[in-house]
Structures are given as structure tokens and as C-alpha cells.
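Below is one structure, written out as C-alpha cells; the observations come after it.
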Amino acid sequence: MASMGPSAASTQPALPSGPAIFKTIPYAFILPEILCGTWVWILVAATSVSLPLLQGWVMYVSLTSCLISLLLLLSYLLGFHRNSENWKVLDSLYHGTTAILYMSAAVLQANATINSEFSTNAPLNYQLNSAASFFAFLTTFLYILHAFSIYYQ
């Protein structure tokens, strides 16, 4: 009797672990997501938060996303996924949800930027808010790329 062919699990590409994640799309997006998200909350924290409800949400989303993405990065580096297909689903759901939350935060940060144009200490706050808006939209784009590129591996 002939031996069985390769199983279905062995034909699918292995999830990267260790330093290989920095060379594999979409996992290579995790570090830029963390860095750009860190810039968002640093820049918002550097402003005189004139709209605490709006910018509080921006800070919450950026800080929480940075921490969870850092945990996800460490999980991939240390190989906690054990090449399970469930990690692809978890990764895609997390990045898709975070992209939606980041889009809302980016829009609110853009609104705060517009409102800070004519406030006291306007030039500095406007520049910091503009940079925070830029990084918020860039981070949103990175999360969207990550969420959708999971399906094209």
C-alpha cells in the first residue's frame, strides 16, 4: 500500500517566528505599527490637550494598540504561536479591529488639529497636532495593510 501524501497542514506556509518575522509580510508591519503609534501618543501628550475627550480617545487607542502589538510581536519572536492557523485569524481580527479604532482616533486627532489652529500657543500646538494626525493616519494605513495582507500569503 502506498504511503499517504503530505498532510494539508504541511502544504500551508509556516508562520514565522524569531527574527524571520521582520522579513515576512505582513508580520514585518508590526514594528512600524508600534513605532508610528508610539509617535502618536508622544506627540499628543506633548500638546496642551485642549479637547480632552477627543484626544483622550486618541491616547487610549494609540497606547493600548502599541502595548497589544508589542505583546503580539513578542509572541511571534518567541514562537508562542506553534505554527497554529488560529494565530492567523487572531492576527487578522486584531489588526482589522485596530485599524477601525485607529481610523476613528485619526479623524478625532485631525479635528483637534483644526481646533488648535487658533488657540493659545497656536503654532507649537498646531505643529504637534499636525504631526500626530499624520502619524495616526499612517498607523491606520499600516494596520489596514497588515489586516488584509494576511489573506494574500
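Predicted model, so just to flag it, every value in this text is computed and none were measured.
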### Task
Answer yes if Leu71 and Leu77 sit in the same cluster of Ile, Leu, Val, Met, Phe, Trp and Tyr residues linked by side chain heavy atoms under 4.5 Å apart, and no otherwise.
no

### Nearest heavy-atom neighbours spanning Gly96 and Ala147
N-CB, 3.6 Å

### Task
Report yes or no: do Gln55 and Asn129 form a side-chain donor-acceptor pair below 3.5 Å?
yes

### Query
How far does CD1 of Ile34 sit from CG of Leu70, to the nearest 0.5 angstrom?
5.0 Å

### Task
Say whether Leu124 and Phe134 are linked into one hydrophobic cluster, either directly or through other cluster members, by side-chain heavy-atom distances under 4.5 angstrom.
yes

### Query
Out of curiosity, does Tyr76 fall in the hydrophobic cluster containing Leu78 (side-chain heavy atoms, cut-off under 4.5 Å, transitive links)?
yes

### Side chain His146, main chain Leu142, donor-acceptor under 3.5 Å
no

### Task
May I have the step-by-step check of side chain to side chain contact (heavy atoms under 4.5 Å, CB included) for Thr47 and Leu43, ending in yes or no?
CA-CA 7 Å; Thr47 66; Leu43 289 165; 6.0 Å; no

### Message
Tell me every residue that passes side chain to side chain contact (heavy atoms under 4.5 Å, CB included) with Val107, counting only those two or more places apart in sequence or in another chain.
### Response
Met103, Phe137

### Query
Quick one: NE2 on His95 to OG1 on Thr98, what's the gap to the nearest 0.5 Å?
6.5 Å

### Query
Just by distance, with hydrogens left out, do Thr113 and Ser133 show a side-chain donor and acceptor under 3.5 Å apart?
yes

### Message
Tell me every residue that passes side chain to side chain contact (heavy atoms under 4.5 Å, CB included) with Thr139, counting only those two or more places apart in sequence or in another chain.
### Response
Cys36, Val40, Tyr102, Tyr143

### Task
Hey, could you give me the CD/CE distance between Gln109 and Met59, rounded to the nearest 0.5 Å?
10.0 Å

### Query
For the residue pair Val58 and Ala105, what are the closest heavy atoms and their distance?
CG2-O, 3.3 Å

### Task
State which residues pass side chain to side chain donor-acceptor pair (under 3.5 Å) with Trp57; sequence neighbours excluded, sorted by chain then number.
Ser104

#### Entry: Side-chain touch Trp87/Leu72, heavy atoms, less than 4.5 angstrom
yes

### Query
To the nearest 0.5 Å, what is the distance between CG (Leu73) and SG (Cys66)?
11.5 Å

### Message
Working to the nearest 0.5 angstrom, can you tell me the gap between Ile144 CD1 and Ile100 CD1?
### Response
8.5 Å

### Query
Of all residues at least two apart in sequence or in a different chain, which pass the side chain to side chain contact (heavy atoms under 4.5 Å, CB included) check with Ile68?
Thr64, Tyr94

### Summary
In terms of heavy-atom contacts, Ala132 and Val44 come closest through CB-CG2, 3.8 Å

### Query
Taking Ser130 for the side chain and Tyr126 for the main chain, is one N or O donor matched with an acceptor at less than 3.5 Å?
yes

### Query
Which ILVMFWY residues can you reach from Val89 by hopping between side chains whose heavy atoms are under 4.5 Å apart?
Leu93

### Message
Filter on side chain to side chain donor-acceptor pair (under 3.5 Å), then keep only pairs touching residues 35-45, sequence neighbours left out; what's left?
### Response
none

### Query
Is any side-chain heavy atom of Phe29 less than 4.5 Å from a side-chain heavy atom of Ser149?
yes

